[in-house]
Every structure is written in structure tokens, then in C-alpha cells.
Amino acid sequence: MAAAHSDFLHHLNPAQRQAAQHYCGPLLVVAGAGSGKTRALTYRIANLLLQRRVDPESILAVTFTNKAAREIKERVETLLAEQQALTTAGRPLGELPASQQTRLRSEVYRRITKPMWMGTFHSLCARILRLDIEKYQDEQGRRWEKTFSILDESDTQALVKDIVLNDLNLDEKRFEPRSVRYAISHAKNQGLTPRDVERQEANYRGRVVADIYTRYQQRLAENNALDFDDLIGIPVRLFRQNEQILAYWHQRFRHILVDEYQDTNRIQYDLVQLLTTNGEDSRTFEAWQDRSIFVVGDADQSIYKFRGADFTILLGFQGDFGDGLPDDDTRTMIKLEENYRSTATILTAANALIEHNTERIDKILRPTRDPGEAITCYAAEDEQDEAHYVVQQIRTLARQNSALNWGDFAILYRTNAQSRVFEDILVRANLPYVIIGGLRFYERKEIKDALAYLRLLINPADSLSLLRVINTPRRGIGKTTLDRLQDMAQTLGLPLWEVLQDGTAVQTAAGRAARPIETFVNLLQRWRVVVDQTPAPDLIQGILEESGYRRELEVQGTDESLDRLQNLQELYNAALQYGEENEDPSLAGFLQNVSLASDLDGYSENQPRVTLMTLHSSKGLEFPVVFMVGMEQGLFPNFRSMNDPAALEEERRLCYVGITRAQECLFLSHAASRRLYGNQREAAIPSDFLSELPRDCLRLDGSGRPNPYRMSGASVSPDRRRPPEPMSEARAAVPQTWAVGDQLIHDKFGPGEVTHVFGEGQRLNLAVRFVQAGHKILDPKLARLRKVN
DNA sequence: AGACGCAAGGTTTTT
DNA sequence: CCTTGCGTCT
């Protein structure tokens with residue numbers, strides 16, 4: 001493309017442009033909320049393609065949702081099509097005839113956007129595995145086929161539960177499936193195999209968990225199935241055990257970009273590290289001539305610790321990949337601190353809040369906009385009152401301001417359960433709304449049933465799916481029969497499906513249920529023959545018809561059944577759409593896509609509907625008017641986090657994320673009492689986070705009752721918020737200096753060692769690995785640290 | 001085999 | 001409030 005257009009980066013600010021022009025080598029972009037990081041990312045990709053002539057196939061971009069991937073692709077496509085229009089036709093894209101625009105776009109799509117790999121860690125890894133999983137072998141020598149099933153969270157928990165109850169006869173109370181599953185996930189996210197866990201667990205509970213993990217992994221293998229963590233863990237192990245495969249992908253992906261890097265976990269980091277350096281030590285890796293690693297993140301927005309995310313990975317980036325210089329001038333870090341999204345008032349509040357965290361690198365959001373409106377803080381009587389208030393405000397604002405439509409409002413909450421009241425009131429007020437999250441489409445029973453049939457078609461080893469549908473709809477195949485058949489399969493070491501195909505085996509084990517089993521087996525066998533030649537929508541339609549699934553729902557004829565039929569129709573439509581949008585419209589592709597789809601992926605902010613979602617889901621989005629509701633102690637911050645300083649800081653980051661979603665207006669609300677499980681009413685006190693916001697940013701509002709609001713900055717002692725500083729003379733007089741390797745003692749976390757030093761002078765921060773408490777980022781000015789020689 | 005009713009117990013956040 | 005599990009009845 002002609003050099004005349006090399007100034008296409010002109011609408012970026014200097015820091016963004018610097019990021020976008022980055023070519024080879026490592027670069028960390030520390031991007032505050034609303035600082036235009038997606039823009040920087042998009043332009044960087046466009047710049048690589050246009051100016052650096054990088055092959056689209058060599059670009060790998062990891063995003064946090066599939067939706068984000070789609071959007072970046074679209075934006076790159078637009079940028080390229082525009083440049084193309086200027087060079088070939090000498091006119092902007094918009095001035096060309098519609099047909100020519102379409103032609104240009106589809107050409108860009110074919111040549112550029114499609115060959116780029118963009119998506120979540122999970123979807124990208126699933127894609128790698130569909131090509132390479134058959135070359136992998138685990139520590140037990142087990143193998144998987146490329147028709148593998150992907151289990152969702154409820155499937156895996158059910159599996160754990162089955163192991164706890166039926167294999168090991170353990171007490172479900174002592175080994176709650178959810179927490180055991182969590183422990184397994186945690187182990188996997190650290191890259192630990194069942195054997196590793198067995199080796200390192202000494203106490204009873206640990207050994208039992210290790211045992212469950214071992215059996216769990218065995219069961220996955222028997223079913224030719226993977227959980228979400230395996231999708232990433234297996235490529236990592238495959239790359240470690242097979243140099244050639246790693247070398248292939250390393251050669252292929254020369255430019256790797258990772259968005260939301262602060263929410264990367266250990267195993268994801270390993271994957272990035274392997275692909276970037278071909279398995280060499282990243283500190284000494286030097287072959288950067290035609291390759292790059294470009295990560296974007298913000299430690300203040302790290303909110304996924306519970307799923308293994310570790311923001312010290314972001315803080316360690318320069319030490320890992322860079323030149324090791326820890327200061328702000330290093331060439332491997334760029335900070336985007338200018339915020340284009342929110343009013344100055346909102347940013348003041350956000351900055352003040354996050355200042356209360358000690359574990360962070362110093363960074364502020366610099367406003368580019370006017371102060372705007374004050375933040376409204378509403379003290380509601382109860383959750384009903386709160387919901388009425390919110391809906392009332394929405395109507396008033398929409399009436400007063402013709403530029404606002406329903407889609408400009410978002411209601412954000414800590415837990416999904418809070419959505420119900422708002423939904424009720426919105427329905428009554430007749431306002432259009434959409435709820436993101438909660439019970440997802442693909443988790444509905446009827447959808448899971450239909451998908452189980454399809455999974456079974458391509459993955460006969462998937463006994464979990466088989467058991468789900470063998471008697472759905474009812475065929476008179478009962479528990480005793482199935483138990484017998486499963487025993488038989490167990491003894492023979494075969495998948496259940498193999499046993500079912502053997503007529504004599506079925507006759508012996510099943511008795512009068514033999515007939516219906518035969519019918520069921522025939523049904524699947526018939527469809528299996530044509531599975532590769534039949535489009536996914538037809539398979540769905542056919543199976544639902546011939547299995548009698550649809551008929552059963554039709555016969556029931558209840559409102560619920562009609563709803564389910566409707567959902568199945570939706571599934572059909574989804575398959576149809578998938579077929580249109582993908583060149584490989586195979587059933588396997590569709591199923592994989594479905595397993596990894598999140599609720600947000602289908603969300604379009606362009607629709608004029610009030611959006612309700614959790615604070616977690618809101619990350620990366622923005623709205624002119626935001627309501628953060630349920631700002632109460634125990635709810636937000638959540639009671640499970642209140643006794644753990646690190647967890648509390650994560651809640652605070654979540655609050656920071658929420659505040660920074662707002663562009664023009666921000667409303668915070670809390671209720672004096674709240675219904676907990678439906679019946680009991682519980683008194684609630686305002687969230688500590690409210691008292692951490694500067695008073696002059698806020699405008700207080702109440703329900704008319706005596707205002708229970710106690711926020712007079714003076715009455716909430718600042719001492720409660722931050723532990724009192726023991727103004728040790730030693731520290732006040734002699735400014736302590738710190739270096740990597742220093743041993744120290746923290747009043748709370750005990751002994752530790754400095755592993756990184758960030759920033760300098762007033763902005764100095766330390767990464768410390770504590771013997772007991774693990775890795776922490778501390779500001780030595782605030783934390784109570786004593787150096788030991 | 002399976003439908004139905006009742007009691008009890010449990011809510012963070014998600015790819 | 002909503003799901004899950006268990007017992008009883010057909």
C-alpha cells in the first residue's frame with residue numbers, strides 16, 4: 001500500500017500511536033479503563049498488515065470474549081478496506097458504489113481477516129487441538145481423538161459428584177463437588193497433573209482430592225472428553241513433549257497479541273511463553289527480528305482471581321520478556337492513562353477508590369472531559385424501593401434527554417440473583433431490557449439434551465451424553481438396566497456405546513428394556529452414517545423428530561414445553577447461522593463453538609434495551625448511564641471476601657471496573673434491608689466502598705424516610721479503612737532501599753523475599769514472595785515491612 | 001419405571 | 001426463591 005497513507009494512525013494520541021507502531025520484540029501496554037486500548041490494538045494489527053507487510057496467518061490475537069475478537073476483526077477489516085479504497089480507487093470507502101464496497105470488504109475478509117487467528121484462549125486452543133490432539137499422550141499414556149467433547153461446568157461437577165458418591169463412597173458434605181472441582185481446576189491452572197498433586201498432598205483431605213482428580217481425569221479420558229482447563233493445559237503439555245509441534249506453531253504465530261493480560265493465569269502464560277520463545281528461557285530469548293509479543297492490560301482491573309488469574313504475571317512482563325529495566329522509561333512498556341470515556345467527576349471517584357488498594361502499580365486515569373454531573377448516591381429502604389428508584393430515574397432521564405435510548409442504560413450488580421427484582425419492575429414499567437448471564441442459553445435442559453444427541457453422534461465414547469439421552473424421552477430404560485449395562489462395560493473396559501451395539505449383551509443385561517435400547521441404537525447408527533454429509537441444522541431437526549423428543553414436548557403442551565420447543569428452534573437457527581458464517585460448517589465445529597460461547601458473545605449494545613448484568617460481565621463495555629446497585633457490606637464487598645485483604649482488594653477493583661463503565665452519569669445505590677433467600681429480611685449497611693469516594697463527587701439522595709445514610713466523611717474513621725500506620729522512626733528517618741533478593745518480614749504475611757522492584761522514588765512498588773501468603777505487590781510506603789539482612 | 005409431592009438446604013464472580 | 005433429593009404411590 002502506498003506510503004502516502006502511512007498517516008492512517010493520525011487519530012491516535014502519541015502513546016496510542018507508539019503502541020500501534022510497535023513492530024518486533026516485547027511490549028507491555030498498561031492501559032487504564034477507557035484509554036482506547038482496543039483502538040491501539042486494532043490499529044497495531046492494521047499497521048502490521050499495511051506497513052510491515054506481515055502475513056495475516058502469522059497473527060494470533062487473544063481476546064477475553066469471542067465478541068471482542070469479532071469486533072476487532074470487523075474494525076481491522078474496515079480500516080483495511082478504507083485504505084484499499086483510497087489506494088485503488090482514490091476515494092474513501094463510503095463514496096464508492098455499494099456493490100464495490102461489498103466486493104472490497106469481502107476480498108479483505110478472504111485475504112486478511114479470515115486467516116488471522118483471533119479469539120479467547122479457550123477457542124483458539126480448541127482449534128489447535130482439533131488439529132493436533134491425536135499427537136498428545138498424557139502421563140498415563142492416555143489419548144484423545146479429535147472428536148472430543150467439551151464438558152461445561154455443570155457436567156464436570158456432576159462427574160465429580162458421581163466419583164465422590166459412587167466410586168469412593170464419601171460424604172458429599174465433606175467433599176462438596178463444587179469445591180473439589182474448584183481444587184482440580186486450580187491444580188490444572190497451575191499446570192499440575194493428578195500425579196503432581198498426589199506427590200505434594202500430605203494430609204488426608206489433600207490425598208482424597210488427589211484421588212478424585214486422578215479418577216476424574218481417567219473418566220474424562222474414557223469419554224474422550226475435556227474440561228475447559230484441559231483445552232489450554234493439553235496444548236501446553238503437548239508443546240512440551242513434542243518439539244516439532246511446538247516449532248510449527250512457533251513458526252506460524254510470529255506476532256502474538258494478548259488483551260486483558262492481567263487476567264491471564266499460569267497455564268495461559270505458559271502457552272504464550274512457549275509460542276513466543278519456542279520453549280527457550282524468555283529472559284534470554286533474543287530472536288525477535290521478525291516476531292513480537294504485545295500484551296495489553298491493567299492490574300487495577302484484574303477481577304478473575306477465582307479462576308486462576310494472577311495479575312503479577314502482567315507485572316512481571318518486562319522482567320520475563322523485556323530488557324529487565326524496571327523503570328517507566330523502558331522501551332518495553334507504554335502507559336495509556338488518558339481517559340476518553342468518562343466525565344472528570346467519575347474519574348476522580350474511580351481514582352480515589354483504587355488508591356485504597358496497596359497491591360498495585362501506580363497509575364491514574366487522566367480526564368479529557370468536563371466534570372459533568374455529580375455521582376448520585378441513593379439510600380433505598382429495600383431492594384424493591386431500589387429497583388423502583390432505578391427504573392424511575394431511567395424513565396426521567398430518557399424523557400429529559402432525547403439523545404438517550406433504552407440501550408444507553410446499564411444496571412450492574414455483584415451477583416446474578418440480584419437481577420430478579422429489576423426484571424420484575426422493568427416488566428411492570430414496560431421497558432425493554434436484556435439480562436446477560438445467569439442461566440445461559442446452552443445450559444438449558446432441552447438444549448443440553450439436543451446437544452448430547454449430537455455429541456454422541458460424533459463421539460461415541462461420550463457415555464455421559466449417552467446416559468443423558470438414552471431415556472430422554474422416556475423409553476422405559478430404567479436405572480437397574482443401565483447399572484447392569486454399565487457394569488458390563490466397566491468389566492469389558494469398553495465404552496457403554498460398544499456394549500449397547502452388541503445385541504446379545506443387551507439381551508442378557510436388559511430383559512424387557514432390550515427392545516427400546518435396540519431402537520435407540522438403530523436411531524443413532526442411522527444418523528451416524530450420514531453425519532459427515534448432513535448439515536448440522538438438518539441433523540438437529542432429524543434427531544429431535546425421530547427420537548420423539550419434539551413429540552413429547554408437543555404432547556405436554558404446557559407453557560414450559562412451548563418455551564422449550566421455541567428454544568430448540570433457536571438452536572436450529574444458531575446452527576443455520578453458524579453454517580452461513582463458517583466455511584467449515586461441520587457439526588464438530590458447531591458443537592465446539594457452542595461449548596465455548598458465552599452469553600456476552602450474542603450481546604449487541606446497539607439494541608435499544610436496558611442492559612442488566614454482573615459487574616464481571618461488564619468489563620470492557622461502556623454505557624452513558626450506569627447504575628451500580630446493592631452497594632452494601634456483605635453483598636459488595638461480598639462477605640466471603642471481607643476477611644481476606646487480597647480478596648477485598650479484588651472486590652475494590654471490581655467496584656473500580658463498575659465505576660469506569662460510566663460515560664456521563666453514575667448512580668450508586670444501597671438498601672437498608674434486603675430479602676435474602678426470598679423470605680428472610682436482613683438489615684444492611686452501606687458498602688465501605690461508598691465512604692472511600694470523595695464526598696464532593698457525590699450527591700446524596702434518599703427514600704424520604706429518615707436517611708439511614710452515614711457517610712459524613714468524618715464519622716467513618718479513616719483508620720478503619722487502612723490499618724493504622726505504625727510510624728516507626730526508623731522508616732520515617734531512613735528511607736529504605738529495596739532490591740531483588742532482599743529478605744523481609746511483613747507484619748501480617750510474615751517472612752518473604754523481594755522478587756521484582758517496580759517504579760522508583762515515590763512510585764516504588766515491590767513484588768514479594770511470602771513463604772506463607774504467596775506472591776504480593778506492596779507499596780513499601782504503606783505496607784509494614786521490615787528488612788532482614 | 002416413573003410420576004408426584006414434600007422438605008430441606010443453599011447464592012460470588014465465568015471461559 | 002429455586003433447585004435437589006427422597007419417599008410414596010400407581
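This one's a predicted model, so the numbers in the text were calculated from it and none came from an experiment. Computation of the quantities below employed the complete heavy-atom set of this structure, encompassing side-chain atoms and omitting hydrogens, waters and symmetry-equivalent molecules. Chain A is the first sequence line, chain B the second, and so forth, proteins listed ahead of strands; every chain is numbered from 1.
- Candidate nucleotides dG2(B), dT13(B), dT15(B) were compared by shortest atom distance to the side chain of Asn471(A), and dG2(B) ranks first.
- Contact check, Thr481(A) against dA1(B): a side-chain N or O comes under 4.0 Å of OP1 or OP2.
- For the OP1/OP2 pair of dT14(B) and a distance below 4.0 Å, the side-chain nitrogens and oxygens of Ser598(A) include no atom meeting the criterion.
- In this structure, Thr480(A) reaches the sugar-phosphate backbone alone: every heavy-atom distance under 4.0 Å involves primed, P, OP1 or OP2 atoms, never a base.
- Residue contacts for Glu153(A): at a heavy-atom cut-off of 4.0 Å it reaches a base atom on one of the strands shown.
- With salt bridges taken as basic N to acidic carboxylate O contacts below 4.0 Å, none links Asp563(A) and Arg444(A).
- A salt bridge links Asp229(A) with Arg181(A): the closest approach of a Lys/Arg side-chain nitrogen to an acidic carboxylate oxygen falls below 4.0 angstrom.
- With dT12(B), dT14(B), dC1(C) as the choices, the nucleotide that has an atom nearest any side-chain atom of Tyr304(A) turns out to be dT14(B).
- Shown are Ile435(A), Val427(A), Val629(A); of these, the side-chain contact (heavy atoms from CB on, under 4.5 Å) with Phe422(A) is made only by Val629(A).
- What separates CD of Glu172(A) from C1' of dT4(C) is a distance of 9 Å, to the nearest Å.
- Comparing dG5(C) with dT12(B), their C1' atoms are spaced 25 Å from each other, to the whole Å.
- If you look at His670(A) and Phe636(A), their ring centroids are not closer than 6.0 Å.
- For His616(A), the listed nucleotide lying nearest its side chain is dT14(B); candidates were dT14(B), dG5(C), dT15(B).
- When all heavy atoms of His122(A) and Leu596(A) are compared, the closest pair comes out as O-CD1, 3.7 Å.
- One can place CZ of Phe639(A) at 8 Å from C1' of dT12(B), the figure rounded to the nearest angstrom.
- The side chain of Asn416(A) contributes an N or O atom lying less than 4.0 Å from OP1 or OP2 of dT14(B).
- Comparing dT14(B), dC1(C), dA3(B) by their closest approach to the side chain of Arg420(A) singles out dC1(C).
- One finds no side-chain N or O of Asn265(A) lying less than 4.0 angstrom from the OP1 or OP2 phosphate oxygen of dT15(B).
- In this structure, the nucleotide among dT15(B), dT14(B), dG10(B) sitting nearest to the side chain of Ser617(A) is dT14(B).
- Between Lys479(A) atom NZ and dG5(C) atom P the separation is 13 Å, expressed in whole Å.
- Rounded to whole Å, the distance from OH on Tyr677(A) to P on dA7(B) is 20 Å.
- Mapping Gly437(A) and Leu676(A) onto DNA chain B by nearest heavy atom places Leu676(A) at the nucleotide closer to the 5' end.
- In this entry the distance linking CZ of Phe64(A) with P of dT14(B) reads 10 Å, nearest Å.
- Side-chain proximity of Arg474(A) to dT15(B), dT13(B), dA3(B): nearest is dA3(B).
- Under 3.5 Å, the side chain of Arg307(A) and the base of dT15(B) form no donor-acceptor pair of N or O atoms.
- Here Phe306(A) lies parallel enough and close enough to stack on the base of dT13(B), with planes under 30° and ring centres under 5.5 Å apart.
- Remark on DNA chain B: of its neighbouring residues Asp599(A) and Ile477(A), the 5'-side contact belongs to Ile477(A), judged by nearest-heavy-atom nucleotide.
- Following rounding to the nearest Å, Glu552(A) (CD) and dG2(B) (P) show an atom-to-atom distance of 11 Å.
- Straight-line distance from the CZ atom of Arg444(A) to the P atom of dC2(C): 15 Å, rounded to whole Å.
- dT14(B) atom C1' lies 11 Å from atom CG of Asp263(A), rounded to whole Å.
- Judged by distance alone, the side chain of Asp601(A) and the main-chain N or O of Lys67(A) form a donor-acceptor pair under 3.5 Å.
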